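Both backbone and side-chain heavy atoms feed into the values below; hydrogens, waters and symmetry mates do not. In what follows, chains carry the letters A, B, and so on, assigned in the order in which the sequence lines appear, proteins first and then strands, with residues in each chain numbered from 1. Worth saying up front: this structure is predicted, and the values here are computed from it rather than measured.
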Protein chains: 4
Amino acid sequence: MNIHSSPNIMKKLDKRSEIIQASLDLIVEHGFHGTSMAMVAEKAEVGAGTIYRYFESKDALIKELYQELEEKVMATLWEGDPISKPVRQRFIHLWTVLLKYFIAHPLYFRYIEQYYNSPYGVSLRKDKILSKTDDRDIFKNLFEEGIAQQVIKGLPLSMLFSLAFGPLVALARDHTLGFAILDDTLIAETVEACWDGIKR
Amino acid sequence: MNIHSSPNIMKKLDKRSEIIQASLDLIVEHGFHGTSMAMVAEKAEVGAGTIYRYFESKDALIKELYQELEEKVMATLWEGDPISKPVRQRFIHLWTVLLKYFIAHPLYFRYIEQYYNSPYGVSLRKDKILSKTDDRDIFKNLFEEGIAQQVIKGLPLSMLFSLAFGPLVALARDHTLGFAILDDTLIAETVEACWDGIKR
Amino acid sequence: MNIHSSPNIMKKLDKRSEIIQASLDLIVEHGFHGTSMAMVAEKAEVGAGTIYRYFESKDALIKELYQELEEKVMATLWEGDPISKPVRQRFIHLWTVLLKYFIAHPLYFRYIEQYYNSPYGVSLRKDKILSKTDDRDIFKNLFEEGIAQQVIKGLPLSMLFSLAFGPLVALARDHTLGFAILDDTLIAETVEACWDGIKR
Amino acid sequence: MNIHSSPNIMKKLDKRSEIIQASLDLIVEHGFHGTSMAMVAEKAEVGAGTIYRYFESKDALIKELYQELEEKVMATLWEGDPISKPVRQRFIHLWTVLLKYFIAHPLYFRYIEQYYNSPYGVSLRKDKILSKTDDRDIFKNLFEEGIAQQVIKGLPLSMLFSLAFGPLVALARDHTLGFAILDDTLIAETVEACWDGIKR
DNA sequence: AATGAATGAGATTTCATTCAT
DNA sequence: TATGAATGAAATCTCATTCAT
């Protein structure tokens, strides 16, 4: 690769990124079906047909956008995960990072939530439950360790997920919609409350 | 009004109910935009035009359906609310009733959630926050009383809502989707965990 | 049914007929892909969406139009078929009727031919060969009888079909395109020539 | 031109040939409009833009491909035409060669036929009839000689064409589609039958 | 009041062609 | 000369809504 090929590569990446970004903005504001491909094309400043060079269909675009966002979130969590620390400390760390990430990236959060609660998300989750390689392994391991050490309630995993994520997601939603304003203190208290919900 | 007009009224109510029920079934399964008016008409066994005698538009139908479901939920909560009992006991009662109601009426729950997380729901909630007559008064009063009695954490109301409803909603979702199975014991434990999240 | 319902029925039949007729005219002139649904809608003086009340898709329209034309042709042949007459006489009758029909209905003929020689027609014919209930039974029987009576050559049926239909179709094509002009005498001579091709 | 330019020319010819061949394969299978330029480019292993260096447009490609095939067929006929032999013998020779050629090159035949029966072919034939330099001169001469010698029926030339080519084409079609299987004996009988159709 | 055929605006998607590299 | 990413016009098809019956 030399310096002259760079513009090509940049441009290619750019088009796809522009489309992804435009879709994210528009879908968060208008929903999946309130967002037409023409709107995406205009906002991304590409031809309508260009979208189909990068995404097979509107559905594929919606799905790939979700997957990209999910990867970003998971990467952020993995990055600083203090694996060797005690369960409680890891929990506090992970939940804090996650909540702060959602607050810092409200569009990501809104999109993920919208996707999750649509027919798209339901089938996605059904698929995930079947497959072994779940993103949630990082949490699963944490919970199982906590149960084994008797610091977390001995409830079914799915219940622990709901108890621990439910408040965080609800808070993030209210924040991104402007119904609540979270500062560092409130974030810390929220995370503590999430822990309180599952701690023995 | 005389007795002869009764059949007419019955019929009219019936048609409206059929439309509402058909919409609920279809939207839960296919989403707002995966459900066409033609599908609703067929399932409700009415003419396509008939829907428009009862609902001004598809959006109006979606909104009114939401409001009806919300009213049913709130009526159920109001009904047996032990207003004179201590805060904790009221909380446990209300949350148990709510969770059981969602489990007993999974379609109601799925619809409400889908609505809540769509652009429809966001504007609805913005409207509600502005108006004084909020359905959530029943909870607001409970929380304020709890704060005053120092049995509930002194956090902003919006945070308390998230902490207390988040786990419940997450659990109800997993249950209605078949990802978790809740019996009476687990319901009780869930509600306890919700309380743990906000109790001082 | 009373006289007042008549207009309804007429109208319904009319729309479908208008669409069929417009499609026939346009496809014969511009081909399958040179004919857009918008062109059909305009020529038929119906809304674009209306076509889809009568035909599931453009392909379905093309296929159904073919089937209708084929039925008309076959009905014409059946009608005056002198079953009890000698093979030669039946042959002369059927071929004459067919050629005259194609000359009288050049659009029908052009459409059928275009369909026959397109990918549509190939799969159609493959299906037909598999199924027993072939329109061509009328000809098959005639040929088999002729072979048995030793007035027709003892060749495979598919060859006899080609030998007997080939000249007729070629003539009809030239006539409908204006490359040849057939009068009654020439028609008779053509049919004789078709017979000459298969007679023993 | 020197020896060094040879590779270039070869390459250029190669690309054009690849495009022609790919188009032939694809159009025979999917039809004119079922075949996109992108499909051709991929199958020919050239860039999409490259096609336009050799052919002005898709229509031009379709037309040139037809002309190439027609030339090949005519060249084959010219090659061994026993001009000095009696009419009947020449006829038998030419028709046998033609039928065998179509059987040996089913793609050529299918393409020519598809073209012939499309709006492309109709205008092509109209043009040909106007111009004097018709490929059909070889047949025209043969028929006129036959008429003069009173061995061929005294019918209009266009009729003789239809009578003589119709069966051959019909047979070739059934063979290439797999609906009939022709061996040397059947080929000979077919050609005899073609002759029977026009002989006095 | 009830119907459902008809509508046409608008959605998704395709594809021949261009043009910067 | 060759490429293939980009384009946008145009195609097919859907569907909320209307309106004559």
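Proximity of C:Lys15 to the phosphate of E:dG4: no side-chain N or O atom is located under 4.0 Å from OP1 or OP2. A close approach under 4.0 Å does occur between a side-chain nitrogen or oxygen of D:Tyr54 and OP1 or OP2 of F:dA2.
No hydrogens or angles considered: a donor-acceptor pair under 3.5 Å links the side chains of A:Lys72 and A:Tyr108.
Summarising the geometry, the separation between CZ on C:Phe55 and C1' on E:dA6 is reported as 15 Å, rounded to the nearest angstrom. The distance from atom NE2 of D:His30 to atom C1' of E:dC15 is 16 Å, rounded to the nearest whole Å. Residue C:Arg53 contributes atom CZ, which lies 6 Å from atom P of E:dA6 at whole-angstrom precision. As a whole-Å value, the separation of D:Leu61 CG from E:dC15 C1' is 15 Å. Distance D:Glu45 CD to F:dG4 P: 11 Å, rounded to the nearest Å. We find that CD of D:Glu42 is positioned 15 Å from C1' of F:dA5, with the value rounded to whole Å. Distance CG (B:Asp14) to P (E:dA2): 11 Å, rounded to an integer number of Å. Taking atom CD1 of A:Ile51 as the reference point, atom C1' of E:dA11 lies 12 Å away to the nearest angstrom.
Secondary-structure stems of DNA chain F, taken as three or more successive Watson-Crick or G-U wobble pairs (i with j, i+1 with j-1) under a 3.5 Å distance threshold, comprise E:2-21 with F:2-21.
Taking the centre of each ring, D:Tyr66 and D:Tyr116 stay at or above the 6.0 Å mark.
Remark: B:Glu45 does not engage B:Lys15 in a salt bridge, criterion side-chain N to carboxylate O under 4.0 Å. Contact check on D:Glu113 versus D:Arg110 returns a salt bridge, with a Lys/Arg side-chain nitrogen under 4.0 Å from an Asp/Glu carboxylate oxygen.
The number of heavy-atom neighbours closer than 6.0 Å to CD of D:Gln67, taken from other residues, nucleotides and ligands shown, is above 12. Taking a 6.0 Å sphere around NZ of D:Lys63, one finds it holds 12 or fewer heavy atoms contributed by other residues, nucleotides or ligands.
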I need a per-nucleotide contact map over nucleotides 10-17 of chain F, read 5' to 3'. Cutoff is protein heavy atoms under 4.0 Å; write B for the base, S for backbone only, - otherwise.
-SSBB-SB

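Of the residues listed (B:Met37, B:Glu56, B:Lys58), the one engaging B:Ile51 in a side chain to side chain contact (heavy atoms under 4.5 Å, CB included) is B:Met37, and it is the only one.
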Worked verdict on B:Tyr115 versus B:Leu124 for side-chain contact (heavy atoms from CB on, under 4.5 Å)
CA-CA 9 Å; B:Tyr115 187 91; B:Leu124 170 80; 3.7 Å; yes

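Taking the six-membered ring where tryptophan is involved, the planes of C:His33 and D:His33 are essentially parallel, since the angle between them stays under 30° and well short of 60°.
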